[in-house]
Amino acid sequence: MGRHQKRVAAPTSWPITRKTHHWVVGANAGPHSKETGIPLLVVVRDMLKLANNSREARRIINEGTIFVDGKARTDYKYIIGLFDIVSIPATNEYYRVLLDKQNRFKLYKEDAGAMKLCRINNKTIVKKGTVQLNLHDGSNILASNDYKTFDTVLLGENREIAKHIAYKPGNLAMVVGGEHSGEIGKIKQIRKVRGSGTNMVAISNEGEFETIENYVFVIGESAPEIKVI
């Protein structure tokens, strides 16, 4: 990824002004792609409003006071993404990164100790037949073969699996892309598509709509495991 990029060409999910300045900081390669992530400096300056300009934001980040998923991050171009937990322990503030209905990143307040939700994007078999879960944030964990692709796992402080939520009809899901981005509803039906097409998922909330499987992120069974207000 480049060092800087034009604001007008930045992903539409970044909640930044487009015409006030020409450039915006780019993101380093990291756990999320450029399309599904946002640089930490933009989060500190434009979303948390902790700084008036990039110099102030870099100083705050360099002090090691901003944590992402429990780790202090001092790289102002570190890329964060969906369901990451951004915290400022000094002021006891905790936020989860989600999308709003305009498909832009938004920070939702969370409680201290809130667990990270990770979607299983894939599974691979490593040495000695051990199953490795490949998670949406680019990380991997070893587990049993009881988990399926598109299931969600809640990770504890030491990245142990504290809870498992299956990807199945009846469970709650958040849409993380497309025109229904940010909406929450119950999975009504998973429609398998033959061939190379993408499976479709029917979501039911106040209405009913269908979206592609890649946009579905299971967040709970009868109630969401995250704060969405």
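What you see is a predicted model; the values in this text were computed from it and never measured.
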Would you say [X] and [Y] make side-chain contact, with heavy atoms under 4.5 Å?
X    : Y    : result
M115 : E157 : no
L142 : V126 : yes
L48  : L107 : yes
I187 : V218 : yes
M47  : P15  : yes
K34  : P11  : yes
I141 : L155 : yes

Would you confirm whether [X], through its side chain, and [Y], through its main-chain N or O, come within 3.5 Å as a donor-acceptor pair?
X    : Y    : value
E208 : S204 : no
H164 : V153 : no
H136 : F83  : no
N92  : P89  : no
E160 : N158 : yes
N199 : V193 : yes
S13  : F105 : no
N62  : R58  : yes

**Study point:** Sole candidate of Y215, Y167, F217 that passes ring-ring contact (aromatic ring centres under 6.0 Å, His included) when paired with F150
**Key:**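 Only one option passes, and that is Y167.
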
Nearest 0.5 Å, what's the [atom1]-[atom2] distance between [X] and [Y]?
X    : Y    : atom1 : atom2 : answer
I161 : K163 : CD1   : NZ    : 13.5 Å
K123 : D151 : NZ    : CG    : 8.0 Å
L40  : T74  : CG    : OG1   : 9.5 Å
D46  : S54  : CG    : OG    : 10.0 Å
L82  : M174 : CG    : CE    : 9.0 Å
Q132 : K127 : CD    : NZ    : 12.0 Å

Check your understanding: Given the rule in the salt bridge (Lys or Arg N to Asp or Glu O under 4.0 Å) test, do R45 and E56 qualify, once you have shown the distances and angles that lead to the verdict?
Key -> CA-CA 8 Å; R45 183 190 58 196; E56 291 180 6; over 6 Å; no

So which heavy atom on [X] is nearest to which on [Y], and how close?
X    : Y    : answer
L50  : I60  : O-CD1, 3.4 Å
I88  : I66  : CG1-CD1, 4.0 Å
N205 : G185 : CB-CA, 4.0 Å
V24  : A10  : CG1-CB, 4.4 Å
P39  : V25  : CG-O, 3.8 Å
A173 : V216 : CB-CG1, 3.6 Å

Review point. How far apart are the C-alpha atoms of I79 and N28, what are their side-chain angles, what is the distance that settles it, and do they pass the side chain to side chain contact (heavy atoms under 4.5 Å, CB included) test?
Key: CA-CA 6 Å; I79 191 164; N28 281 335; over 6 Å; no

Check your understanding: In chain order, what residues pass the salt bridge (Lys or Arg N to Asp or Glu O under 4.0 Å) check against D84, with sequence neighbours excluded?
Key ->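 Checked D84 against salt bridge (Lys or Arg N to Asp or Glu O under 4.0 Å); matches are K116.
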
**Study point:** R96 to Y108, cation-pi by 6.0 Å centre distance and 45° axis angle
**Key:**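 No, R96 and Y108 do not form such a contact.
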
Practice item. Would you check, one step at a time, whether the test side-chain hydrogen bond (donor to acceptor under 3.5 Å, both in side chains) holds for E213 with T198? Key: CA-CA 7 Å; E213 195 170 50; T198 304; over 6 Å; no

According to a hydrophobic-cluster definition based on side-chain heavy atoms being under 4.5 Å apart (Ile, Leu, Val, Met, Phe, Trp, Tyr only), do [X] and [Y] belong together?
X    : Y    : result
L135 : I165 : no
L172 : L154 : yes
V86  : L117 : yes
I184 : V176 : yes
I38  : I16  : yes

Practice item. Could you check T149, N140, N121 and say which one makes a side chain to side chain donor-acceptor pair (under 3.5 Å) with N134? Key: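 With N134 as partner, side chain to side chain donor-acceptor pair (under 3.5 Å) holds for just one option, N140.
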
Check your understanding: Listed by chain and number, what are the side-chain hydrogen bond (donor to acceptor under 3.5 Å, both in side chains) partners of N122, not counting sequence neighbours?
Key ->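 With sequence neighbours excluded, N122 shows a side-chain hydrogen bond (donor to acceptor under 3.5 Å, both in side chains) to no residue whatsoever.
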
Review point. How about K186: does its NZ atom have over 12 heavy atoms from other parts shown lying under 6.0 Å from it?
Key: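 No, not enclosed.
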
Is the shortest side-chain N to carboxylate O distance from [X] to [Y] below 4.0 Å?
X    : Y    : result
K109 : E93  : no
E183 : K101 : no
D111 : K227 : yes

Review point. Between S181 and R104, does a side-chain hydrogen bond (donor to acceptor under 3.5 Å, both in side chains) hold up when you go through it step by step?
Key: CA-CA 9 Å; S181 180; R104 293 180 303 183; over 6 Å; no

Exercise for review: Please test T17 against R7 for side chain to side chain contact (heavy atoms under 4.5 Å, CB included), starting from the C-alpha separation and ending with a verdict.
Suggested key: CA-CA 8 Å; T17 56; R7 280 177 173 256; 3.3 Å; yes

Exercise for review: Measure the acute angle between the ring planes of F209 and H180, then classify it against the limits of 30° and 60° as parallel, tilted or perpendicular.
Suggested key: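 If you compare the ring of F209 with that of H180, the planes turn out parallel.
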
**Study point:** side chain to side chain contact (heavy atoms under 4.5 Å, CB included) between T152 and I120, worked out
**Key:** CA-CA 6 Å; T152 292; I120 301 170; over 6 Å; no

Check your understanding: Under the side chain to side chain contact (heavy atoms under 4.5 Å, CB included) criterion, do Y95 and I85 qualify, and how do the steps go?
Key -> CA-CA 6 Å; Y95 302 91; I85 302 286; over 6 Å; no

